[in-house]
A.B. asks: 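One structure is given below, represented as structure tokens, and several questions about it will come after.
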Amino acid sequence: FVYAGSMQYVLVNLLTSGASLITTTLTTLMVNARHLFYGISMIDRYKGAGRKKPYLMFALTDETYSLVCSEESVKGVEDRYKYYFFLSLFNQSYWITGSLIGSVLGSLIPFSTEGIDFVLTALFVTIFVEQWLSVKDHRWASHIRKREFPDSGYDMHNGRAAGSEEQSGQRKGERRK
């Protein structure tokens with residue numbers, strides 16, 4: 001089993017195309033590099049997890065990470081590490097069970113995979129939107145944008161490109177009629 005969703009899709013192509021072990025290893029590292037950052041960001045959160053910590057770090061998926069990062073998910077929970085452990089365990093169990101069922105049904109039922117490549121994009125958009133909606137103050141995004149891309153000319157507070165008034169025939173300070 002490969003416990004890395006996006007890598008399962010990539011691995012099928014790598015194996016069927018006869019990719020070398022080095023290519024497969026490097027591709028796996030690149031595709032799953034975000035998990036290094038997931039793990040690093042959880043060091044403080046999992047500090048008191050004791051013997052559960054190695055498994056909690058291993059079992060971080062995009063979905064688990066999203067739930068663990070949400071402070072809403074642990075409100076009213078007596079033992080947060082026990083909650084994190086079972087959340088991770090259930091997510092991994094669901095993934096493995098779903099993979100097994102999908103493998104069996106996929107071999108029995110003819111199915112066109114056309115358009116399925118959009119599934120991961122939809123998943124990441126859904127996770128992003130849920131995180132975005134859970135935070136009231138989005139000013140941090142604007143500050144990061146200005147710091148990282150100062151010459152981009154995009155004004156995040158006004159939601160338009162700098163100079164768009166002039167381009168539309170409107171001068172600064174003038175209101176549209």
Side-chain angles (χ1 to χ4, degrees), residues 1-74 77 79-135 140-141 144-145 147-149 152:
F1 282 103
V2 174
Y3 187 50
S6 52
M7 195 56 215
Q8 282 184 332
Y9 295 107
V10 174
L11 190 60
V12 170
N13 291 327
L14 289 172
L15 293 176
T16 58
S17 69
S20 69
L21 182 61
I22 292 172
T23 300
T24 304
T25 302
L26 290 175
T27 302
T28 302
L29 286 171
M30 286 188 288
V31 167
N32 293 307
R34 69 186 181 281
H35 291 279
L36 296 170
F37 298 104
Y38 286 174
I40 290 169
S41 71
M42 290 290 130
I43 289 174
D44 286 338
R45 190 175 300 255
Y46 289 162
K47 204 169 255 179
R51 294 183 336 174
K52 295 178 184 105
K53 186 176 180 178
Y55 177 71
L56 293 174
M57 297 298 246
F58 162 77
L60 275 175
T61 60
D62 299 318
E63 299 82 5
T64 304
Y65 181 80
S66 180
L67 291 169
V68 169
C69 282
S70 170
E71 289 298 322
E72 295 286 323
S73 68
V74 292
V77 173
D79 182 355
R80 72 182 324 153
Y81 304 115
K82 187 175 180 181
Y83 168 80
Y84 293 151
F85 176 79
F86 282 107
L87 171 72
S88 301
L89 181 68
F90 288 142
N91 279 344
Q92 185 178 17
S93 300
Y94 300 149
W95 185 267
I96 292 171
T97 303
S99 293
L100 283 171
I101 292 170
S103 176
V104 170
L105 291 179
S107 65
L108 298 175
I109 302 170
F111 177 75
S112 170
T113 60
E114 186 176 340
I116 199 123
D117 52 342
F118 184 70
V119 170
L120 286 176
T121 304
L123 171 68
F124 290 123
V125 168
T126 302
I127 291 171
F128 171 78
V129 168
E130 285 297 318
Q131 287 292 318
W132 183 268
L133 293 174
S134 70
V135 176
W140 60 269
I144 290 171
R145 176 85 167 120
R147 186 181 73 227
E148 300 298 325
F149 306 100
S152 68

A.B. asks: Nearest 0.5 angstrom please: T126 OG1 to Q131 CD, how far?
C.D. replies: 12.0 Å
A.B. asks: Applying side chain to side chain contact (heavy atoms under 4.5 Å, CB included) between D62 and each of L67, N91, I127, report the one that passes.
C.D. replies: I127
A.B. asks: If only side-chain N and O atoms count, and only distance matters, is there a donor-acceptor pair under 3.5 Å linking Q92 with Y55?
C.D. replies: yes
A.B. asks: So which atom in M57 and which in G39 form the shortest heavy-atom distance, rounded to 0.1 Å?
C.D. replies: CE-O, 3.1 Å
A.B. asks: Which value, rounded to the nearest 0.5 Å, describes the distance between R34 atom CZ and F124 atom CZ?
C.D. replies: 4.5 Å
A.B. asks: Among residues at least two apart in sequence or on other chains, which ones pass salt bridge (charged side-chain N to carboxylate O under 4.0 Å, His left out) with D44?
C.D. replies: K47
A.B. asks: Closest heavy-atom contact between P54 and G50?
C.D. replies: CD-O, 4.1 Å
A.B. asks: Given 3.5 Å as the limit, does a donor-acceptor pair link the side chain of S93 with the main chain of L89, or not?
C.D. replies: yes
A.B. asks: Hey, what do you get for OH (Y65) to OG (S88), rounding to the nearest 0.5 Å?
C.D. replies: 13.0 Å
A.B. asks: Of all heavy-atom pairs between T28 and M7, which one has the smallest distance, and what is that distance?
C.D. replies: OG1-CE, 3.2 Å
A.B. asks: Drop me the distance from N32's CG to T27's OG1, to the nearest 0.5 angstrom.
C.D. replies: 10.5 Å
A.B. asks: Measuring from Y94:OH to E63:CD, what's the distance to the nearest 0.5 Å?
C.D. replies: 13.0 Å
A.B. asks: If I compare all heavy atoms of R45 with all of Y81, which pair ends up nearest, and what's the gap?
C.D. replies: O-CE2, 3.3 Å
A.B. asks: Give a yes or no on whether I22 atom CD1 has more than 12 heavy-atom contacts from other residues, nucleotides or ligands under 6.0 Å away.
C.D. replies: no
A.B. asks: Assign the ring pair F90 / F86 to parallel, tilted or perpendicular, where the plane angle (0 to 90°) is split at 30° and 60°.
C.D. replies: tilted
A.B. asks: Strictly distance-based, threshold 3.5 Å: is any side-chain N or O of T64 a donor or acceptor partner for the main-chain N or O of L60?
C.D. replies: no
A.B. asks: Give me the atom names and distance for the closest heavy-atom approach of L56 to A49.
C.D. replies: CD1-CB, 3.8 Å
A.B. asks: Taking all non-hydrogen atoms of both residues into account, name the closest pair between K53 and Y46 and its distance.
C.D. replies: CD-O, 3.7 Å
